[in-house]
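Any value given below was found using the heavy atoms of this structure, including those in side chains, with hydrogens, waters and symmetry copies removed. To find a chain, count down the sequence lines: A is the first, B the second, and so on, and within it residues start at 1. What you see is a predicted model, and the numbers here were worked out from it, not measured in a lab.
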Amino acid sequence: MSDQKITQVRGRAIPMPGDDIDTDRITPARFLTALTWKGIEKALFCDERENTPDHPIDNPNYKGAKILFVGKNFGSGSSREHAPQAIKRFGIDAIVGVSFAEIFAGNSLAIGMPLMTASAEEIQKLIAHTQKNSETEYTADLETLTLSWGDESLSVGMLEERRQSFLKGTWNILAILRANLPQVREVAEGLPYMREFQD
Amino acid sequence: MSERTLYDKIWDSHIVAQLESGQYQLFIGLHLIHEVTTPQAFASMKETGSKMAFPERTVATADHITPTLTKLRPFKDDLAESMMSALEQNVDEFGVRFLNWASGKQGIVHVIGPELGLSQPGMTIACGDSHTSTHGAVGSLGFGIGTTEVGFVLETQTIVLNRLKVHRINVNGELNKGVYAKDVILRIIHDLGIKGGLGNAYEYAGKVIDEMGMEGRMTVCNMSIEGGARIGYVNPDQTTFDYLEGREFTPKGEAFERAKDYWKSVASDADAEYDQVTDIEGGSIEPMVTWGINPGQSVGISENLPDPKSFEGEDIKTAERGYEFMALKPGDKIAGTKIDVAFLGSCTNSRISDLREGARVMKGNKVNPRVRMLVVPGSQQVQAQAEEEGLHEIFREAGAEWGNAGCSMCLGMNPDKLVGAERSISSSNRNFIGRQGSPRGRTHLGSPATVAASAIEGCLTNPADVVGD
């Protein structure tokens with residue numbers, strides 16, 4: 001599974017200022033009635049894009065960006081995987097933010113999109129820098145835990161277990177979970193409710 | 001071994017393996033599924049020809065897209081109809097128990113789990129819905145998961161997790177009359193913030209929680225995720241056992257006695273260690289309503305709206321954005337804000353005790369002619385009970401619509417939606433922009449009693465002002 005290793009994401013960035021951007025804003029509920037992920041990127045921030053002429057997602061300066069800069073508690077609210085799916089299918093391969101909601105982080109790991117953290121001050125600087133210099137190419141490096149551009153570089157954080165999943169290429173974990181089915185059955189047999197408390 | 005929390009105990013007994021990354025593979029005792037977050041998972045299983053590992057541990061229902069004012073098929077919305085057909089096909093093909101309309105047990109997934117005794121203490125419970133934290137009320141760990149993870153559970157009955165910290169929240173003393181579980185959890189989120197629970201499980205305790213009924217505990221645990229905590233739970237006690245006894249999937253007879261012993265053993269030890277402890281005085285809580293665009297932006301119904309400058313950092317901007325979107329001004333009173341819609345329902349507040357409280361306020365009164373009120377029971381069984389008690393007549397006589405079970409106006413995925421810039425008082429869980437189906441719709445969250453009182457007065461109202469207690 002070495003081809004699934006994710007060690008680095010390089011590219012320009014989209015700055016998305018603001019805290020607590022919830023998954024209802026990222027992908028409004030009325031777009032969840034599709035049976036496949038195909039085209040879900042069209043729902044990305046669609047309500048606020050309609051009402052915001054200079055929305056970062058539509059700003060031609062950021063076209064083709066691979067990295068998203070966000071604030072605190074990004075992806076809060078609903079567990080809908082449609083949110084990270086829409087972001088990834090839009091073309092984003094990594095998100096750097098102050099903090100992320102727990103379910104959103106789990107979903108992002110499951111679909112192979114690394115999330116990195118930096119302090120609120122650093123994120124603010126990155127957002128301001130990108131707004132002025134949209135052509136800046138960033139390198140988000142999972143091995144060295146750094147985000148670098150030009151001559152500059154800063155340390156970023158990642159939950160170590162999630163970092164290892166990307167570095168080892170084990171984020172796409174279904175095959176491994178399946179291989180553990182004998183142990184799964186063992187654990188199940190040890191749980192009294194699985195035997196309906198019959199003994 | 002002592003000094004363990006309920007979280008520690010359930011976590012430890014469900015570990016299948018520690019993975020190479022350091023994360024844990026955890027066994028899931030009960031998997032609840034619904035129509036919205038499963039089609040891609042089933043589709044990918046069909047593609048690979050995979051089978052379910054424990055089909056008997058998954059239970060399906062339909063709630064998010066189901067219309068509440070008609071049972072006619074096909075649904076008017078083609079996409080909703082195809083989503084429903086896909087679920088019907090999938091449960092049929094994979095042999096999953098499906099609690100549909102015909103079964104008489106359909107309802108919101110987080111209402112029917114406890115109601116049928118499917119959700120039990122000591123279990124791990126997963127569902128592709130963030131409000132799975134609700135099931136923590138019975139002393140289980142309820143994980144909201146995404147669709148890829150739903151696929152993991154279907155195929156292996158496991159998910160991959162990092163261990164959380166445990167934050168104990170004691171609600172001490174007594175609640176004042178007219179203050180409900182909804183007010184308690186809104187106050188907790190107000191005090192700890194919507195990011196306060198990131199990386200944490202919340203253990204709710206203290207005299208107020210001890211004395212609270214099961215349905216109130218479900219309301220509290222339901223909104224854990226709104227405070228950033230993926231998990232929220234209450235230790236199982238006599239209230240839990242009394243609630244579960246006799247329910248369809250609860251063990252019977254001697255098995256029930258054995259179950260009770262096990263359930264008692266999973267409760268947190270008296271000397272358990274917590275990463276953090278917070279105390280809140282129950283007597284200081286008043287009926288709460290939200291004024292902004294996240295569930296942390298709330299005030300007591302008697303209070304004036306806060307100055308954005310009273311917040312810190314980005315929260316100042318979020319407050320300003322909240323005021324702009326909600327068309328409200330700092331310093332104004334929240335009570336008296338005119339509303340267009342009142343919604344009583346959702347996985348937070350659609351159980352029989354919620355409907356009884358709403359009806360108690362509503363009885364003998366009329367819904368203000370400017371207001372559209374919708375009352376939607378959480379399940380067919382709640383609906384049947386309410387109708388037996390005549391609650392539907394009270395609501396209908398007052399001028400409210402009485403719907404069939406479903407998520408209804410909580411989330412804008414079915415015909416029940418706000419229109420344009422309508423303003424609602426809602427017993428649901430999220431006041432996010434666009435949440436109730438209109439990108440410009442404005443939502444205030446409150447308890448069922450506050451919803452009913454506000455519907456009568458046509459503006460945000462303290463229920464005590466209507467019922468006089």
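The most heavy-atom pairs under 4.5 Å with chain B, out of A:Asp47, A:Thr36, A:Asn107, A:Ile103, come from A:Ile103. With chain A as the partner, the residue from B:Ser82, B:Ser50, B:Ala43 showing the most heavy-atom pairs under 4.5 Å is B:Ser82. Ranked by heavy-atom pairs under 4.5 Å with chain A, the first of B:Gly434, B:Gly313, B:Ala86, B:Gly29 is B:Gly29. Across B:Phe27, B:Phe143, B:Phe42, the residue that shares the most heavy-atom pairs under 4.5 angstrom with chain A is B:Phe27. Taking chain B as the reference chain and counting heavy-atom pairs below 4.5 Å, the highest number among A:Glu160, A:Gln164, A:Glu186 is found for A:Gln164. Your options are B:Glu56, B:Glu35, B:Arg57, B:Gln157, and the one with the most heavy-atom pairs under 4.5 Å with chain A is B:Arg57. Interface summary for chain A: among B:Ala53, B:Gly228, B:Pro295, the most heavy-atom pairs under 4.5 angstrom belong to B:Ala53. Ranked by heavy-atom pairs shorter than 4.5 Å toward chain B, the options A:Ala105, A:Ser76, A:Ala188 are led by A:Ala188.
Put simply, the side chain of A:Leu159 reaches to within 4.5 Å of the side chain of B:Asn162, judged on heavy atoms. Taking 4.5 Å as the limit, every side-chain heavy atom of A:Tyr193 sits out of range of all side-chain heavy atoms of B:Trp263. Side-chain contact between A:Arg25 and B:Phe432: absent, with no pair of heavy atoms (C-beta onward) separated by less than 4.5 Å. Put simply, the side chain of B:Glu314 does not reach to within 4.5 Å of the side chain of A:Asp20, judged on heavy atoms. Residues A:Val187 and B:Ile15 are not in side-chain contact: their nearest non-hydrogen atoms beyond the backbone lie 4.5 Å or more apart.
Only the side chain of B:Arg230 has a heavy atom closer than 4.5 Å to any heavy atom of chain A. For B:Arg440, no part lies near chain A; criterion is any non-hydrogen pair under 4.5 Å. If you measure heavy-atom distances from B:Val36 to chain A, the contacts under 4.5 Å come from both the backbone and the side chain. Heavy atoms closer than 4.5 Å to chain B are found nowhere in A:Ala120, neither backbone nor side chain. For B:His14, the parts lying near chain A are the backbone and the side chain together; criterion is any non-hydrogen pair under 4.5 Å. For B:Ala259, the parts lying under 4.5 angstrom from a heavy atom of chain A are both the backbone and the side chain. In this structure, the portions of B:Ser13 lying under 4.5 Å from any heavy atom of chain A include both its backbone and its side chain. Of the atoms belonging to A:Glu48, it is side-chain heavy atoms, and not backbone ones, that fall under 4.5 Å from chain B. Only the side chain of B:Ala17 comes within contact range of chain A, with at least one heavy atom under 4.5 Å from a heavy atom of that chain. In this structure, no portion of B:Thr250 lies under 4.5 Å from any heavy atom of chain A. For a residue to count as touching a neighbouring chain, one of its non-hydrogen atoms must lie under 4.5 Å from one of that chain's; by this rule A:Leu181 touches chain B with the side chain only. For B:Ile194, the parts sitting under 4.5 Å from any heavy atom of chain A are the backbone and the side chain alike. For A:Phe31, no part sits under 4.5 Å from any heavy atom of chain B, backbone or side chain. For a residue to count as touching a neighbouring chain, one of its non-hydrogen atoms must lie under 4.5 Å from one of that chain's; by this rule A:Leu174 touches chain B with backbone and side chain alike. Of the atoms belonging to B:Thr132, not a single heavy atom falls under 4.5 Å from chain A. Heavy atoms closer than 4.5 Å to chain B are found in the backbone of A:Glu196, but not in its side chain. Only the side chain of A:Leu191 comes within less than 4.5 Å of a heavy atom in chain B; its backbone stays farther off. Looking at B:Leu19, the atoms closer than 4.5 Å to chain A (heavy atoms on both sides) all sit in the side chain, from C-beta outward. A:Leu109 touches chain B through its side chain: at least one heavy atom from C-beta onward sits under 4.5 Å away, while N, CA, C and O do not. For B:Gln120, the part lying under 4.5 angstrom from a heavy atom of chain A is the side chain only. Using a 4.5 Å cut-off between heavy atoms, B:Gln40 contacts chain A through both its backbone and its side chain. Interface residue A:Ser99: only side-chain heavy atoms are found under 4.5 Å from chain B. The part of B:Arg430 that comes within reach of chain A is its side chain, from C-beta onward, which places non-hydrogen atoms under 4.5 angstrom from that chain. The contact between A:Gln124 and chain B is made entirely by side chain atoms (from C-beta outward), counting heavy-atom distances below 4.5 Å.
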Working for side chain to side chain contact (heavy atoms under 4.5 Å, CB included), residues A:Ile111 and B:Thr148: CA-CA 8 Å; A:Ile111 66 171; B:Thr148 299; 3.8 Å; yes
Quick one: do A:Asn180 and B:Thr158 satisfy side chain to side chain contact (heavy atoms under 4.5 Å, CB included)? Show the steps, please. CA-CA 10 Å; A:Asn180 287 344; B:Thr158 62; over 6 Å; no
Apply side chain to side chain contact (heavy atoms under 4.5 Å, CB included) to residues B:Phe54 and A:Met194 and explain how you reach the verdict. CA-CA 11 Å; B:Phe54 293 80; A:Met194 291 295 289; 4.0 Å; yes
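Minimum interatomic distance between A:Ser79 and B:Gly144 (heavy atoms only, all atoms of both residues): CB-C, 4.5 Å. Between B:Gly22 and A:Glu161, the closest heavy-atom pair is C-CG, 3.4 Å. Looking at every heavy atom in both residues, A:Ser78 comes nearest to B:Arg435 through CB-NH1, 4.4 Å. Counting all heavy atoms, side chain and backbone alike, B:Met83 lies closest to A:Leu35 at CA-CD2, 3.7 Å.
For B:Lys317, the NZ atom sits in a loose shell: 12 or fewer heavy atoms of surrounding residues, nucleotides or ligands are nearer than 6.0 Å.
A:Arg30 contributes no side-chain N or O that, together with a main-chain N or O of B:Gly412, makes up a donor-acceptor pair within less than 3.5 Å. In this structure, B:Ser21 contributes its side chain and A:Ser165 its backbone to no donor-acceptor pair below 3.5 Å. Of the possible polar contacts, one joining the A:Glu81 side chain to the B:Thr147 backbone as a donor-acceptor pair under 3.5 Å is found.
Atom CG of residue B:Leu26 and atom CG of residue A:Leu177 lie 11.5 Å apart, to the nearest 0.5 angstrom. The distance from the CG atom of B:Asp315 to the CG atom of A:Asp19 is 6.0 Å, given to the nearest 0.5 Å. Here the straight-line distance linking atom CD1 of A:Ile173 with atom CD of B:Glu149 works out to 11.5 Å at 0.5 Å rounding. Taken from CG in A:Asp22 to CD1 in B:Ile293, the straight-line distance is 8.0 Å, to the nearest 0.5 Å. A:His82 NE2 to B:Thr37 OG1: the interatomic distance, rounded to the nearest 0.5 Å, is 7.5 Å. Summarising the geometry, atom NE2 belonging to B:His64 is positioned 8.5 Å from atom CG belonging to A:Leu32; distances are rounded to the nearest 0.5 Å.
For the side-chain contact (heavy atoms from CB on, under 4.5 Å) criterion with A:Glu102, the lone passing option out of B:Ile225, B:Leu164, B:Ile231 is B:Leu164.
Cation-pi geometry between A:Arg178 and B:Phe152 is not met at under 6.0 angstrom from the ring centre and within 45 degrees of the axis.
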